[in-house]
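In this chain, numbering begins with 1 at the start of the sequence shown.
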Amino acid sequence: MIFDIIKPMKITRRNILKITGFSIIAASVLPRVAFAARNSLRSLRTGVQPGNKTRLVIETSARPSYSLSYPTGQLVVNIANMSANTSVSAKLASNGLVKSIAQVQNGDALQIVANLKQSIAQIPKSSVMILEPNGDNDYRLVLDFVAGATATTPKGTYTTSSATATTAITASRKYIIVVDAGHGGKDPGCIGKGGTREKDIVLSVAKKLKNKLDSNGFKTYLTRDGDKYLKLADRAAIAEKRKADLFISLHANANPSRKMKGFSIYTLSEKASDEEAKKLAEAENAADKIGVEGFTEFEENIRIALSSLQQHAVAEMSEEYATGCAKSFKRASIEQQPGPDVRHAPFAVLRSTVPGALLELGHLSNAAEEKLLKTSSHQDKLVNAIVKSVKNYNFEV
């Protein structure tokens, strides 16, 4: 049985910003003065999603400010500025992981304590959503989870402090990063005046990035580790298969103006943020037409991905990472292409349920930057900046 099915919605930057119900709220408790009125509990229910995921839906009268903790055999959702509502009885799916739900008042906050048939690890960002009121429904905090490794909060400790909660759910596994070296094989990408090929530059950076990320405690996979041609769908599929927490696609740019230089960072949007972003996406997407076979099938997969509720949350997480990455580059004194920190365009390689960004590391069409991108020292500088952006990214809810 599946709860809270949402009609597919075209993903545009405008909609992503407008539909704040799909925002991921950091695990923090807002000050009491931020609320116009005290929140109240409307309903509690569970269901089962594809992939044996249990879905917990907490319906509230106002947007919930929450934190999560994971006592052994339990999931505790701490909601600020809320009182218990004894008239609400949880409706539980018999084949889900939740066997019972209790309400525990803890000062100004209400704790929803889900007693589980099996313990779970911390819930990833992409599996937590807040839905806006819709029809007969009020705000809904939606959490999807599966049985897994036990989180570290001691049994019986119902965490109300967001700082404590964050400490309690320190990663019980390595975060998985998939690094995609763009182009490859029969697709060289753009080529500089000096003959430098994009596919070679980004593969060199990707290999260095993998080594650096692995040494910093991440589990990193490359979409290609040699001069191999991959369709865009295959690259996205690798991230899905690896159950990646973050997808980083590396590219080098070209521009009609030989004077243009600097890095730029992009996230997925159905509408390009500017004409240049649109043309760049069209150029990158055209790589699939080198191997035409299977392109129609890929388009069908795109439509499936876009119909997913999760895609809205992924868009926000991608934006969060991309913004942090741009800051990391600038702090490292890496020159930025004139324009906004983050741009948006319909890049096919970013169409998946994994948060990600496409990084244009510089311009091979600029003679000085072409030489710079070939140097080991500048590649190391780029890698260090990306590693810092990954380390600073908030993987937790």
So, does [X] use its side chain to make a donor-acceptor pair with the main chain of [Y] at under 3.5 Å?
X: Lys174; Y: Lys219; value: no
X: Asn106; Y: Ala109; value: no
X: Arg351; Y: Ala233; value: no
X: Arg224; Y: Gly226; value: yes
X: Glu198; Y: Gly189; value: no
X: Thr46; Y: Ala93; value: yes
X: Ser389; Y: Cys325; value: no
X: Lys210; Y: Leu222; value: no
X: Asn216; Y: Lys391; value: no
X: Ser328; Y: Ala385; value: yes

Identify whether NZ of Lys or CZ of Arg in [X] sits under 6.0 Å from the centre of the six-membered ring of [Y] and within 45° of that ring's axis.
X: Lys125; Y: Tyr393; value: yes
X: Arg242; Y: Tyr221; value: yes
X: Lys327; Y: Phe329; value: no

Hydrophobic clusters here meaning ILVMFWY residues chained together by side-chain heavy-atom distances under 4.5 Å, can you tell me if [X] and [Y] are in one?
X: Phe263; Y: Val387; answer: yes
X: Val88; Y: Leu110; answer: yes
X: Val354; Y: Val146; answer: no
X: Ile123; Y: Ile112; answer: yes
X: Ile191; Y: Ile201; answer: no

Heavy-atom side-chain proximity of [X] to [Y] below 4.5 angstrom:
X: Arg55; Y: Val142; result: yes
X: His251; Y: Leu361; result: no
X: Val98; Y: Phe145; result: yes
X: Tyr321; Y: Ile248; result: yes
X: Phe218; Y: Val390; result: yes
X: Leu97; Y: Asn52; result: no
X: Phe247; Y: Val178; result: yes
X: Ser40; Y: Arg42; result: yes

Rounded distance (nearest 0.5 Å) linking atom [atom1] of [X] with atom [atom2] of [Y]:
X: Thr220; Y: Leu213; atom1: OG1; atom2: CG; value: 4.0 Å
X: Leu359; Y: Leu382; atom1: CG; atom2: CG; value: 9.0 Å
X: Gln379; Y: Leu372; atom1: CD; atom2: CG; value: 9.5 Å
X: Leu373; Y: Thr196; atom1: CG; atom2: OG1; value: 8.5 Å
X: Ile101; Y: Ile58; atom1: CD1; atom2: CD1; value: 7.0 Å
X: Asn85; Y: Asn39; atom1: CG; atom2: CG; value: 11.0 Å

On a heavy-atom basis, which atom in [X] and which in [Y] lie closest, and how many Å separate them?
X: Ser249; Y: Asp180; result: OG-OD2, 2.6 Å
X: Ala357; Y: Thr267; result: CB-CG2, 4.5 Å
X: Lys212; Y: Ser215; result: O-OG, 2.7 Å
X: Ala326; Y: Ile265; result: N-CD1, 3.4 Å
X: Glu59; Y: Ser43; result: OE1-OG, 2.6 Å
X: Thr223; Y: Leu230; result: O-CD1, 3.1 Å

Next on the checklist: With side chain to side chain contact (heavy atoms under 4.5 Å, CB included) as the criterion, how do Lys381 and Asn384 come out once you've worked through the C-alpha distance, each side chain's angles and the decisive distance to 0.1 Å?
Outcome noted: CA-CA 5 Å; Lys381 190 175 184 179; Asn384 289 334; 5.7 Å; no
Next on the checklist: Evaluate Tyr175 against Leu246 for side chain to side chain contact (heavy atoms under 4.5 Å, CB included), listing each step before the verdict.
Outcome noted: CA-CA 8 Å; Tyr175 292 116; Leu246 190 62; over 6 Å; no
Item to check | Step-by-step side chain to side chain contact (heavy atoms under 4.5 Å, CB included) determination, Leu41 to Gln103 | outcome: CA-CA 10 Å; Leu41 182 65; Gln103 299 178 44; 3.6 Å; yes
Checklist entry - Does a side chain donor of either Asp138 or Ser61 reach within less than 3.5 Å of an acceptor in the other side chain? => result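 Looking only at side-chain atoms, Ser61 and Asp138 do not form any donor-acceptor pair under 3.5 Å.
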Item to check | Polar side chain donor-acceptor pair, Ser376 to Lys208, under 3.5 angstrom | outcome: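 A donor-acceptor contact under 3.5 Å links the two side chains.
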Flag the pair [X] and [Y] as a salt bridge only when some basic side-chain nitrogen lies within less than 4.0 angstrom of an acidic carboxylate oxygen.
X: Arg38; Y: Asp108; result: yes
X: Lys53; Y: Asp144; result: no
X: Glu132; Y: Arg140; result: no
X: Lys261; Y: Glu335; result: yes
X: Asp341; Y: Lys330; result: yes

Checklist entry - Can you list the steps and then say if Lys199 with Asp227 is a salt bridge (charged side-chain N to carboxylate O under 4.0 Å, His left out)? => result CA-CA 8 Å; Lys199 68 175 184 178; Asp227 190 14; 3.0 Å; yes
Next on the checklist: Set out, in order, the CA-CA distance, both residues' side-chain angles and the distance that settles side chain to side chain donor-acceptor pair (under 3.5 Å) for Ser365 and Asn255, then state yes or no.
Outcome noted: CA-CA 6 Å; Ser365 53; Asn255 193 285; over 6 Å; no
Checklist entry - Is there a side chain to side chain donor-acceptor pair (under 3.5 Å) between Ser83 and Gln105 once you walk through the steps? => result CA-CA 7 Å; Ser83 299; Gln105 193 68 45; 4.5 Å; no
Checklist entry - For atom CG of Asp225, is the number of surrounding heavy atoms from other residues, nucleotides or ligands below 6.0 Å larger than 12? => result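 No - once you tally the heavy atoms of other residues, nucleotides and ligands closer than 6.0 Å, there are 12 at most.
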Checklist entry - Just wondering, more than 12 heavy atoms not from Lys193 lying within 6.0 Å of its NZ? => result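 12 or below, so no.
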Next on the checklist: Taking side-chain contact (heavy atoms from CB on, under 4.5 Å) as the criterion, tell me which of Val76, Val77, Leu75 meets it with Ser69.
Outcome noted: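 Going through Val76, Val77, Leu75 one by one, the side-chain contact (heavy atoms from CB on, under 4.5 Å) with Ser69 is satisfied by Val76 alone.
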Checklist entry - Can you check side chain to side chain contact (heavy atoms under 4.5 Å, CB included) on Val342 and Tyr266, steps first, answer last? => result CA-CA 6 Å; Val342 179; Tyr266 296 81; over 6 Å; no
